[in-house]
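Notes follow the structure.
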There are 2 protein chains.
Amino acid sequence: MVEVNPQPNSGPVHAIPPVGLSIGEAARRTGLSVHTLRYYERAGLVVTPVDRTHGGRRRYHQLDLEWITICTRLRATGMPIKGIRRYAELVAAGRGNEDERLDLLEAHLDHVLAGIAELQENLKLIAHKVDIYRGRLAAGDADRLWAPRGPSSAP
Amino acid sequence: MVEVNPQPNSGPVHAIPPVGLSIGEAARRTGLSVHTLRYYERAGLVVTPVDRTHGGRRRYHQLDLEWITICTRLRATGMPIKGIRRYAELVAAGRGNEDERLDLLEAHLDHVLAGIAELQENLKLIAHKVDIYRGRLAAGDADRLWAPRGPSSAP
DNA sequence: GATTGACCTCGACCACGCTCGAAATCCTAG
DNA sequence: CTAGGATTTCGAGCGTGGTCGAGGTCAATC
């Protein structure tokens with residue numbers, strides 16, 4: 001299937017050939033589905049129009065993959081599609097709005113950091129409950145755990 | 001509007017009266033909307049049936065609020081509704097499944113911790129970009145920043 | 001030249017987690 | 001007794017982020 005066909009003039013398998021990659025190959029490399037790749041494009045997340053073959057098929061080049069990777073990082077950290085589109089628009093607009101780009105990224109960064117802090121705060125309660133369960137199960141007196149309208153204190 | 005009506009025989013305003021709280025009050029205390037409170041109930045997240053007045057209105061007591069708070073913590077850490085329902089079912093089933101409850105919570109804990117780690121990993125790239133923007137903007141040579149099909153390397 | 005599989009567009013559909021509106025009921029204040 | 005606001009149920013609707021399928025095109029292989 002994935003036969004490596006050693007060609008004298010080509011680099012490692014992971015290098016992107018000058019002709020670019022098909023959408024399927026791009027999908028494998030980015031970890032997105034081809035559907036999602038097309039969706040992101042439709043949604044305006046992709047800065048530069050993706051190159052096409054004369055027959056109308058997408059060819060992904062280095063820069064495309066790099067940009068898409070940035071998109072996945074932003075998504076993975078919870079930035080909504082709209083936010084990424086906004087960022088893409090700024091980048092696409094070219095020089096002169098770097099401060100806005102910075103603002104956008106910084107705001108996102110702060111947002112995520114705040115989210116992590118909150119997450120950890122909420123986790124405390126859960127971890128506490130886990131500890132209680134563990135302790136009581138180990139002690140063998142799990143019967144004293146909370147049950148509906150029961151007497152104890154650890155749901 | 002929110003007039004505090006000092007009553008001799010009642011404790012602090014934040015104490016829950018024996019008759020319980022209306023859904024509106026419960027909403028204010030939990031930070032959820034009344035819609036969401038009812039939704040959670042419908043969705044099977046609430047372990048014990050919420051008490052009702054003879055006229056059919058919900059009355060929330062201490063335990064209800066505590067349980068709902070747990071639900072919000074689980075939600076806030078990304079546990080899906082189904083997961084919380086599962087947990088609620090276990091608790092509702094009473095004694096004998098404490099190990100399952102523990103498994104569920106531990107799995108969630110691990111899941112969230114892994115998520116945080118991944119989040120922080122992804123944030124690195126973003127923070128890196130922020131640094132680059134900051135550095136270049138400070139240096140006043142923002143023109144060298146990435147633009148569509150531009151020469152530089154920092155989108 | 002025919003087949004085969006990857007790719008194309010377009011619009012519909014899905015899962016999730018709420019959110020809302022209508023119409024009826026309750027209950028408290030005047 | 002009445003008016004008003006809070007609450008009830010039920011079902012529909014919404015925003016987000018994909019995911020999918022139909023029907024057609026492209027291109028490498030036999």
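Every value quoted in this text rests on a predicted model; they were computed, and no experiment measured them. Note on naming: letters A, B, ... go to the chains in the order of the sequence lines (proteins, then strands), and numbering restarts at 1 for each one.
Following rounding to the nearest Å, B/Arg59 (CZ) and C/dC26 (P) show an atom-to-atom distance of 15 Å. In this structure, CD of A/Glu41 is placed 17 Å from C1' of D/dT19, rounded to the nearest angstrom. Note: CD (B/Glu25) to C1' (D/dT7) measures 12 Å, nearest angstrom. Across the protein-nucleic acid pair, A/Arg57 atom CZ and D/dT25 atom P stand 12 Å apart, rounded to whole Å. Atom CZ in A/Arg38 sits about 8 Å away from atom P in C/dC7, given to the nearest Å. Rounded to a whole Å, the OH atom of A/Tyr39 is 14 Å from the C1' atom of C/dG11. Atom OH in B/Tyr60 sits roughly 17 Å away from atom P in D/dA6 (whole-Å rounding). Between the CG atom of B/Leu74 and the C1' atom of C/dG17 there is a distance of 15 Å, given to the nearest Å.
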Open item on the list: Walk me through whether A/Leu105 and A/His108 qualify under side chain to side chain contact (heavy atoms under 4.5 Å, CB included).
Closed with: CA-CA 5 Å; A/Leu105 290 184; A/His108 179 58; 5.5 Å; no
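Residue A/Ser33 is the one, among A/His54 and A/Ser33, whose nearest nucleotide of DNA chain D lies closer to the 5' end (criterion: closest heavy atom). Heavy-atom distances to DNA chain C give each of B/Arg75 and A/Gly24 a nearest nucleotide, and the one nearer the 5′ end belongs to A/Gly24. Each of A/Gly78 and A/Gly56 lies near DNA chain D, and the nucleotide nearest A/Gly78 is the one positioned closer to the 5' end.
Here the two rings, on B/Trp67 and B/Tyr60, have centers that are 6.0 Å apart or farther.
Nearest nucleotide to the side chain of B/Pro80, out of C/dT9, D/dT9, C/dG17: C/dG17. You'll find that the side chain of A/Ile81 is closest to D/dG17, out of D/dG17, C/dT19, D/dT7. Distances from the side chain of A/Lys82 to the nucleotides C/dC7, D/dT7, D/dT16 place D/dT16 closest. Considering only the side chain of B/Ile23, D/dT8 comes nearest among C/dT9, D/dT8, C/dC20. Among the nucleotides C/dG17, D/dT16, C/dC20, the one closest to the side chain of B/His35 is C/dC20.
Contact annotation: B/Tyr40 side-chain N/O to C/dG17 OP1/OP2 distance is not under 4.0 Å. For C/dC7, one of the phosphate oxygens OP1 or OP2 lies less than 4.0 angstrom from a side-chain nitrogen or oxygen of A/Ser22. Between B/Thr36 and C/dT19 there is a side-chain N or O to OP1 or OP2 distance below 4.0 Å.
In this structure the side chain of A/Met79 never reaches within 4.5 angstrom of the side chain of A/His111, judged on heavy atoms. At a threshold of 4.5 Å between non-hydrogen side-chain atoms, the residues A/Arg57 and A/Ile23 do not count as touching. Side-chain contact between A/Thr48 and A/Leu63 is absent, with no heavy atoms from C-beta onward closer than 4.5 Å.
If you check every strand for non-hydrogen atoms under 4.0 Å, B/Arg52 touches sugar and phosphate atoms only.
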